[in-house]
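One structure is given here, and the rest of the page talks about it.
Given the structure is predicted, the values throughout are model-derived calculations rather than measurements. Here is how names work: the chains are called A, B, and so on, in the same order as the sequence lines, proteins then strands, and each is numbered from 1.
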Amino acid sequence: MNAGDAVREVAATIPRGRVVPYGAIGRRIGVGPRQVGRVRGLLGDGVPWWRVVRADGTPASCHEGRVPGLLRGEGVPMAGARVDLGRGRHRWAG
DNA sequence: TGCTTGACTTACG
DNA sequence: CCGTAAGCCAAGC
């Protein structure tokens, strides 16, 4: 199983209203957090990357600028333009 | 078949 | 807040 497919599968499994840090996906499949971000750039689209945010809650998806709106529309607590990681339990543990 | 480049996140001060 | 350093994977020729 390639890290690319693994990352894409995990990211595509993220339920609506929940976000996951790159490090969590990387740990889940056994790769570094950078590989997850690398795959995101390779696939570009076809995966809800907007639900994948940085460890700080900053959206790093290619949908930058619309991520806060998308997450907010799904019910994710937003701290300004960043996901409020200190508010509810919106972190999807997989 | 083998090698190189590019892209991306995380941690610390 | 910003900058720096480190490492890993994939694709192409």
Please report the interatomic distance [atom1]([X]) to [atom2]([Y]), rounded to the nearest 0.5 Å.
X: A/R51; Y: A/H90; atom1: CZ; atom2: NE2; value: 14.0 Å
X: A/I14; Y: A/E9; atom1: CD1; atom2: CD; value: 12.0 Å
X: A/L71; Y: A/R82; atom1: CG; atom2: CZ; value: 13.5 Å

Shortest non-hydrogen separation from [X] to [Y] and the atoms involved:
X: A/R18; Y: A/R91; result: CG-C, 3.8 Å
X: A/A6; Y: A/I29; result: CB-CG2, 3.6 Å
X: A/P48; Y: A/A12; result: CD-CA, 3.9 Å

## Note on the structure
Given protein heavy atoms under 4.0 Å, the one-letter contact record of nucleotides 6-13 of chain B, with B base, S sugar-phosphate only and - none, is simply BBBBB---

### Task
Indicate yes or no for a side-chain donor-acceptor contact from A/R16 to the backbone of A/E74 under 3.5 Å, with no hydrogens or angles considered.
yes

### Query
Any sub-3.5 Å donor-acceptor pair from A/R40's side-chain atoms to A/V52's backbone N or O?
no

## Note on the structure
Between CG of A/D5 and C1' of C/dA10 the distance, given in whole Å, is 12 Å

Find every protein N or O atom lying less than 3.5 Å from an N or O atom of nucleotides 11-13 of chain C, and list the pairs.
none

### Task
Please assess A/Q35 against A/V7 for the test side chain to side chain contact (heavy atoms under 4.5 Å, CB included), listing each intermediate value before the final yes or no.
CA-CA 8 Å; A/Q35 274 66 282; A/V7 173; 5.7 Å; no

### Query
Can you give the dot-bracket line for DNA chain C, using ( ) for pairs inside the strand, [ ] for pairs that cross earlier ones, | for pairs with another strand and . for unpaired bases, where Watson-Crick and G-U count if both distances are under 3.5 Å?
.||||||.|||||

### Task
Test A/V53 against every option in A/V83, A/V20, A/T58, A/V76 by the side-chain contact (heavy atoms from CB on, under 4.5 Å) rule and name the one that passes.
A/V83

